[in-house]
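Each remark here refers to the structure printed beneath this line.
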Amino acid sequence: MTEAEKRPQDGASNLVRADPVLEARGLTRHFRIGGLRGHTLHAVDDLDMVIAEREIVALVGESGSGKSTVARLLAMVYRPTSGEILFRGRPVSSIRGRRRVLAYRGQVPMVFQDPFSSLNPAHTIGYALVRGLKLHRPELDRRQRQAEAERVLAVAGLVPPAFIMSKYPYELSGGQRQRVGFAAALSYRPKLILADEPVSMLDVSIRIGLLNVMARLREEEKVSLLYITHDIASARYLSDRILVMYAGHLVEQGPTDDVLHNPVHPYTRLLLSAVPDPRAEMSVTSADVGEPPRVIDPGEGCRFRWRCPLATDVCAEVTPRLRSASPDHEAACHVTVPGSVPRVVAGTGR
Amino acid sequence: MTPAESRVILEVSDLCVDYASSSGTAKAVDQVSFELSEGEFLAVVGESGCGKSTLLFAIARLLSPPAEVSDGKVVFSGQNMVAMSDKALRALRWRDLSVVMQSAMNALNPVSSIRAQFFDAMKAHGESDPKVARARSQEVLSMVGIDPVHLASYAHQLSGGMRQRAMIAMALLFSPELILMDEPTSALDVVAQRSLMVQIKQLQAELGFAIIFVTHDMSLVSHFSDRVAVMYAGQVVETRPTRSLFDNPLHPYTRGLLDSFPSVYGPKVLVEGIPGSPPDLTDLPVGCNFSPRCPRATERCSAGEPALCEFDDALVRCVLYEGGTAGGD
């Protein structure tokens, strides 16, 4: 297993090994809650992730799994409690000063979940886009800004652009507003767009159009995307790779189809069994009622063990690390990862 | 369409709901008719603004101005709910017909315990003996899989899934014949969502109530409902037994909606969704409401409003199926 992990270049399709745009190492964010009593909420713990150039990575998990916190850490909204984020090989923590932070945010913009509150209702779409361009691309003159705003609107599928620019947010539908969000993000010439549940508030017939816009951004504008969602079907539709989070831990990651067809972690299996798919037969349902994860002072051990049908004693003592289950496909489970060696046998090096 | 032997408990005929607005009257529900049999699970699906929640509220007579039932009848247990006096309505509500709202966090009172709210509901409907009320509250909570100790809990102490279950428990207090559910699972994670659906189905099998389940997520009901009614711009465009609707959707809108869901397991194909967006209800297109977005629209579609016609095991509102034959399929 360790051999496979270290094999340098394996096959042409391995996007993972292309140049990383962004890398997180041991990313951790804790929140102190409960006043003086001093409880700690472990939103994200010891998370490693890599996003390659022109790669679409889906980050899935249920509410409370920490996926939005990851987005905020990557967007420099939060500072990590510990761990490091590398943007094109350079540590993000070394970015200081308003202008440099602004430049970073232009290269790694965020698109938010709620298209109804993420646009200023008092200004036109054109004003919002041009203002963003003034801030992030001061080298452009007025005409160029106008042209660029029109270009990005067209890329996001909003035509005719000049007409859309004269509109106020309330005059646009939810889907159109969310496209404006992507157009704005695109106008900063980003390397990576962080999209936090960008389609979850939209109607189903509108959603798919936006997913197609996101796919087009990768193809035509060569950006990478981190697509944060709880919707596995759309994650599959869009992404090259999928990361599954549970209670602040990354529990499984790998090429999308690999993870969905051969889920290794019991949580991923549970999640997949619960996804309604009208085209499939109804799957056997587990007794799990979907209780929220425990992330306040969680202590050692696997955080899924309370709900896990396979949990053993070692799961309560040792926090499982991501291990390779097959090439490129890793999961953090003592039980289901082949050759996973709990503490007792550790060190014998199979 | 419904098995002949089962009793019809709800009959909605030509129901229309108007919203008066400054830009004209919006027909949020437009001539909706259907029957519901005892113990049936009817799913009403559609996108936001299609009138599905308004329909549900109209059936329960929970509409408040500017919404108003402008025409039609809702006959429940032999009585027309639309014309019923408030007093008669109060006797019926919760005992025979209850409602589970979308957001349990907002539907439950944050400053009183679950017990107090359950007792309130029982008292309001004539059950003032605290012993009976306590026994029944414990019973319904256990039914939905919540430990009765949570009677003392407040809404914020429960997880989202538990809150929705508590709401369903509350709806079960008087063993009603019909429960109206307005997207009860939309705020939940998939695992909790699935678990709740399974539970609703089990309770239904045990207790035999009928359900009208409003949702925007077609795939959610695909394994649970008996029949699906698809709504678009205030109208029911297709009603059909669930399985055949999913296997072979008739109305182009139903097909478009189904094709908007990427599959988790099937072949990975490019999905296009439905172009355009739903119409403004105060300014509807001429003829078929869906025609501007319809890939199969012809001039016939704008000639006049298509009627709801029978085709196979379905009722469908599309000129393609008029006269019981599929045109151009």
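Quick note on labels: first sequence line is chain A, next is B, and so on, each numbered from 1.
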Counting heavy-atom pairs under 4.5 Å to chain B, which of A/L202, A/N212, A/I208, A/I206 comes out on top? A/I208
Among A/L271, A/I232, A/D231, A/L260, who wins on heavy-atom pairs under 4.5 Å with chain B? A/L271
With distance as the sole test, does [X] use its side chain to make a donor-acceptor pair with the main-chain N or O of [Y] at under 3.5 Å?
X: A/D203; Y: B/E47; value: no
X: A/Y237; Y: B/V271; value: yes
X: B/D189; Y: A/E62; value: no

Greatest number of non-hydrogen atom pairs under 4.5 angstrom with chain A, of B/G46, B/G145, B/P262, B/G49, falls to B/P262
Does any backbone or side-chain atom of A/R236 lie under 4.5 Å from a heavy atom of chain B? Answer side chain, backbone, both or neither. both
Could you tell me which portion of A/D257 (side chain, backbone, both or neither) has an atom closer than 4.5 angstrom to a non-hydrogen atom of chain B? side chain
Is it the side chain or the backbone of [X] that comes within 4.5 Å of chain A heavy atoms, both, or neither?
X: B/F261; value: both
X: B/S219; value: both
X: B/L270; value: both

Residue pair B/V191 / A/R307, side-chain heavy-atom distance below 4.5 Å: yes
Got B/D217 and A/V204 here, is their nearest side-chain heavy-atom distance under 4.5 Å? no
State, to 0.1 Å, how close B/V190 and A/A274 come at their nearest heavy-atom pair, and which atoms those are. O-CB, 3.7 Å
